[in-house]
Amino acid sequence: MRGIWTFVEVQDGAIEDVSLEVLGKASELAREKGVESSAVIAGWQLSNIVEETAKYPVDKIYYVEHELLRQYSPSAYAKALHQLVERHKPEIMLFGATYNGADIAARLAVKTGAGLIAHVVGLEIERETGMLIGHVPGFGGSIVAVCRCRPNVLQMATVRPGVLEKPQPAGGNAEIIKFSPELNEQDVGLRLVERSVSPTIDITRAERVVVAGMGTGGDLTPLKQLAEKIGAELAVTRPLADMGAAPRDVQIGSTGYSLRSKLAIIAGASGAAHFVSGIRDVKTVIAINTDPNAPIFEFADYYVVGDLFKIIPRLTQALAR
Amino acid sequence: MKIIVCVKVVPKVEEVSFDPETKTLDRSKATNELNEADKNALEAALRLKEKVGGTVVAVSMGPPFFEPFLKLCVAMGADDAVLLSDKAFAAADTYSTSYVLAQAAKKIGYDLILCGESTADSGTAQVPPQMAEWLGIPHVSYASTIEATDGKLLVRRTVKGGYELVETPLPALISVELGSNTPRFPDFKRKRWADREFKLTIWGSKDLTLDMQNVGRQGSKTDVIDLRMLAPTERKRIKIEGTEEEIAEKLASIIKET
Ligand SMILES: Cc1cc2nc3c(=O)[nH]c(=O)nc-3n(C[C@H](O)[C@H](O)[C@H](O)COP(=O)(O)OP(=O)(O)OC[C@H]3O[C@@H](n4cnc5c(N)ncnc54)[C@H](O)[C@@H]3O)c2cc1C
Ligand SMILES: Nc1ncnc2c1ncn2[C@@H]1O[C@H](COP(=O)(O)O)[C@@H](O)[C@H]1O
């Protein structure tokens, strides 16, 4: 019986949310298929992570431990995982589509001759064949390609963060299997010189969001004040993230994150296809733009033709009354 | 430094239409353009060349209509360009695409390969790391800056919540973040030369050392079994009008209700 594996990504001593989201789905799919669901943890001195993972619904945990995995390196991680895959031959292996997860998955797919379905927003098991089916958004997100791997290859997919629900802890009976890969210094290739990260907010879970577009000219002050007033998170379109006006982690769209909020107030965004795919699942959209023909109005429940620098401060004041 | 830049031509996504009856994409009316992130990769390559010397070669796998876009790369400053074009390469997924590109890179020779972070149409971001794996070289993805220092590269890459500075030996492959620089415009004289006199190299499957098992549709490991158009979310599209104060009041009450 060959099972479904989930790669559990560890960053700065904690499990990435998306890994748990994927693990939850993997366990559902495994039950449907009647196979085991396993988690794969790779790194150095991660027994606390193994313990944490064991709290979630999973049958087995493969713990791949090596000193050279202390630091992230896609080539060394892929080599270690390749050895584990050769040994236990899973049928399906899933990754979070994070910067590092996608890198490791891509290299592993070449090593193992696997099919790799990228950035899926939905996963299912095909009834007739028992094979993995992945839903891949393309062309800015308006079209979804339904993808399947070729028969008799390892079936792999990376899953977009924030599209699946995180499972509740329930379990505690996972069998833990330790594995020591053979690695040497040359496998690492890269050297991490510096890492500078700050805690991020998970914009995909925000209830209320204020989104700034280029119409702000990079001045986010009025939108920040509005967001504060209504308890919303601030997000941006791609060009503002490119400029560094806000971090990538709050960029909405096909190359950023998708919102699932109750409310989104979008000011000074034109409504490009790559952007609007990220607001599909918002319950109520309010858009403000000076251009009466701005495409964003097609994607709004309420819209205002006007200058955000005039409307937004007055709106913040009105909400204070 | 010998730099290869991998570029792809993509349709403007807004202009691609979908026929739900035949379940096919109509790209014929869409304007084609160089993939935006690949222009960033080319710009990064040209800046490196200006600093440390060397050559820049643009490479693309695709149909003959890519030709003018490779000439555009040359007009922007690439020294040479190679189009990998063959019916056998068609309908490739990232596995077989990365294989053919890797084999071409071996033939051309390189110290550094630059790619875009992802393509605007399919956007898998898989081709660069898969290519690096075929070649057995390190790769760094989502690079925003690249600096050459004594035979090594210092790369700043975007990660969740911030950035990492990573040092990589050469040869290496780096994928360049979309929007991380402003690609230059071709200079008029060079553009005219590229259009009129420059001879593009075109290689088919016979010109490369290939295991045909890994090429094109046959070499692919995935299939697209269905295409679906996502119905746009139903929106009310109610215009809020009045003086700025009135609009603010109306919006405030909508917000309070949601
Ligand atoms: C491969 C690829 C991936 C991409 N991924 C994404 C993505 O994930 N997310 C994303 O957002 N974009 C993405 N883009 C970019 C996308 O195509 C658009 O360029 C971008 O969304 C435009 O951002 P914008 O609406 O903020 O700016 P613009 O298109 O410049 O629009 C600014 C708008 O502000 C309005 N305006 C100006 N002044 C005012 C004012 N005072 N008050 C009110 N309105 C005003 C203008 O009328 C205009 O409509 C991607 C592009 C590519 C090629
Ligand atoms: N057919 C191709 N020819 C040349 N380069 C490509 C091709 N496909 C992908 N690439 C490169 O790989 C990057 C990522 O592509 P993708 O994995 O399709 O998102 C692109 O930005 C290009 O640099």
Side-chain angles (χ1 to χ4, degrees), chain A residues 74-75 98-99 102-103 106-107 109-111 113-119 138-140 142-150 153 189-200 230 242 248-249 255 262-263 273-274 280 284-286 297 299-304 306 310-311 314-315 318-319, chain B residues 13-14 16 18 25 94-95 98 118 120-126 129-130 132-134 138-142 154 158-169 178-179 220-230 232-233 235-240 244-245 247-249 251-252 254-255 258:
Chain A
S75 47
T98 60
Y99 293 98
D103 275 355
R107 296 196 76 125
V110 168
K111 278 191 190 299
L116 176 56
I117 311 176
H119 289 93
F139 295 91
S142 54
I143 290 162
V144 168
V146 181
C147 296
R148 183 176 62 202
C149 299
R150 293 275 164 90
V153 300
L190 312 174
R191 191 171 69 84
L192 184 66
V193 179
E194 185 188 325
R195 180 175 158 83
S196 165
V197 296
S198 24
T200 56
I230 60 170
D242 289 349
R248 251 325 146 226
D249 313 277
T255 50
K262 288 211 175 74
L263 173 70
H274 278 294
R280 285 186 62 86
T284 303
V285 174
I286 299 175
F297 295 152
F299 303 90
D301 295 292
Y302 304 96
Y303 68 93
V304 177
K310 299 213 171 99
I311 306 287
R314 286 180 175 83
L315 171 57
L319 284 157
Chain B
V13 297
E14 276 93 346
V16 173
F18 180 71
L25 290 171
T94 63
Y95 185 86
S98 60
S118 64
D121 50 356
S122 50
T124 71
Q126 282 172 189
Q130 290 193 310
E133 184 60 40
W134 285 113
H139 87 271
V140 183
S141 53
Y142 297 94
L154 192 61
T158 299
V159 296
K160 189 171 148 199
Y163 68 89
E164 286 176 353
L165 272 182
V166 181
E167 187 187 78
T168 174
L178 173 66
S220 296
K221 302 288 183 184
T222 55
D223 289 301
V224 175
I225 55 174
D226 194 13
L227 279 179
R228 293 179 196 158
M229 176 89 189
L230 288 179
T233 312
R235 295 293 177 194
K236 296 199 189 91
R237 288 190 223 140
I238 298 170
K239 185 172 180 180
I240 309 288
E244 279 149 8
E245 265 71 26
I247 290 172
E249 285 300 336
L251 289 181
I254 294 166
I255 290 168
T258 53

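Quick note: numbers below take in every heavy atom, side chains included, and nothing from hydrogens, waters or symmetry partners.
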Original post:
Quick one: of B:Thr168, B:Asp121, B:Asp223, who has the most non-hydrogen atom pairs under 4.5 Å with chain A?
Top reply: B:Asp223

**OP:** Under 4.5 Å, counting heavy-atom pairs only, tell me which of A:Ala109, A:Gly138, A:Cys147 racks up the most with chain B.
**Re:** A:Cys147

Original post:
Do you know which of A:Thr200, A:Val110, A:Asp242 has the most heavy-atom pairs under 4.5 Å to chain B?
Top reply: A:Val110

**OP:** Determine the minimum heavy-atom distance between A:Leu190 and B:Pro138, stating which atoms define it.
**Re:** CD2-CB, 3.8 Å

**OP:** Provide the closest heavy-atom pair for B:Ser141 versus A:Tyr99 in the form atom of the first, atom of the second, distance.
**Re:** OG-O, 4.2 Å

**OP:** Measure B:Val159 against the heavy atoms of chain A and call it side chain, backbone, both or neither at under 4.5 Å.
**Re:** both

**OP:** Measure the spacing between CD1 of A:Ile143 and CE of B:Met229 and express it to the nearest 0.5 Å.
**Re:** 5.5 Å

Subject >> Heavy-atom pair count under 4.5 Å with chain B, highest-scoring of A:Arg107, A:Arg248, A:Glu194 >> reply: A:Arg107

Subject >> Contact origin within B:Ile247 toward chain A - heavy atom pairs under 4.5 Å >> reply: side chain

Original post:
Given a strict heavy-atom distance threshold of 4.5 Å, which part of A:Val153 is in contact with chain B: side chain, backbone, both, or neither?
Top reply: side chain

Original post:
Under a 4.5 Å heavy-atom cut-off, does chain A meet the side chain of B:Tyr163, its backbone, both or neither?
Top reply: both

**OP:** Let me know if A:Leu263 has heavy atoms under 4.5 Å from chain B in its side chain, its backbone, both or neither.
**Re:** side chain

Subject >> Test item: A:Leu315 and B:Ile255 side chains (from C-beta on) under 4.5 Å apart, heavy atoms >> reply: yes

Subject >> Distance-minimising heavy-atom pair for A:Tyr302 and B:Lys236 >> reply: OH-NZ, 3.6 Å

Subject >> Options A:Gly115, A:Ala300, A:Ser75, A:Ala145, ranked by heavy-atom pairs under 4.5 Å with chain B, top entry >> reply: A:Ala300

**OP:** Return the set of residues passing side chain to side chain contact (heavy atoms under 4.5 Å, CB included) with A:Val193 (not counting sequence neighbours), or none when no residue passes.
**Re:** A:Arg191, B:Leu154, B:Leu165, B:Glu167

Original post:
Among B:Val224, B:Val13, B:Leu230, who wins on heavy-atom pairs under 4.5 Å with chain A?
Top reply: B:Leu230

**OP:** Would you give the length of the straight line joining atom CD of B:Glu14 to atom NE2 of A:His274, rounded to the nearest 0.5 angstrom?
**Re:** 6.5 Å

Original post:
How many angstroms lie between CZ in A:Arg148 and CD1 in B:Ile225, if you round to the nearest 0.5 Å?
Top reply: 4.5 Å

**OP:** May I ask you to name which of B:Gly162, B:Gly161, B:Ser98, B:Pro232 has the most heavy-atom pairs under 4.5 Å with chain A?
**Re:** B:Gly161

Subject >> Interchain contact, A:Phe297 with chain B, by part (heavy-atom threshold 4.5 Å) >> reply: backbone

Original post:
With respect to chain B, which residue among A:Asp301, A:Val197, A:Val285, A:Leu319 yields the maximal number of heavy-atom pairs within a distance under 4.5 Å?
Top reply: A:Asp301

Original post:
Is a side-chain N or O of A:Arg280 found less than 3.5 angstrom from the main chain of B:Thr233, in a donor-acceptor match?
Top reply: no

Original post:
chain B heavy atoms under 4.5 Å from A:Leu116: which part of the residue, side chain, backbone, both or neither?
Top reply: both

Subject >> B:Lys160 vs A:Asp249 side-chain heavy atoms within contact, under 4.5 Å >> reply: yes

Original post:
Taking atom CZ of A:Arg314 and atom CG of B:Leu251, what is their separation to the nearest 0.5 Å?
Top reply: 12.5 Å

Original post:
What is the distance from atom CD1 of A:Ile230 to atom OG1 of B:Thr258, rounded to the nearest 0.5 Å?
Top reply: 7.5 Å

Original post:
Once you round to the nearest 0.5 Å, how far does CD of B:Gln126 lie from CD1 of A:Ile117?
Top reply: 9.5 Å

**OP:** Locate the shortest heavy-atom distance separating B:Pro169 from A:Gly189; write the atom from each residue and the value.
**Re:** CD-O, 3.0 Å

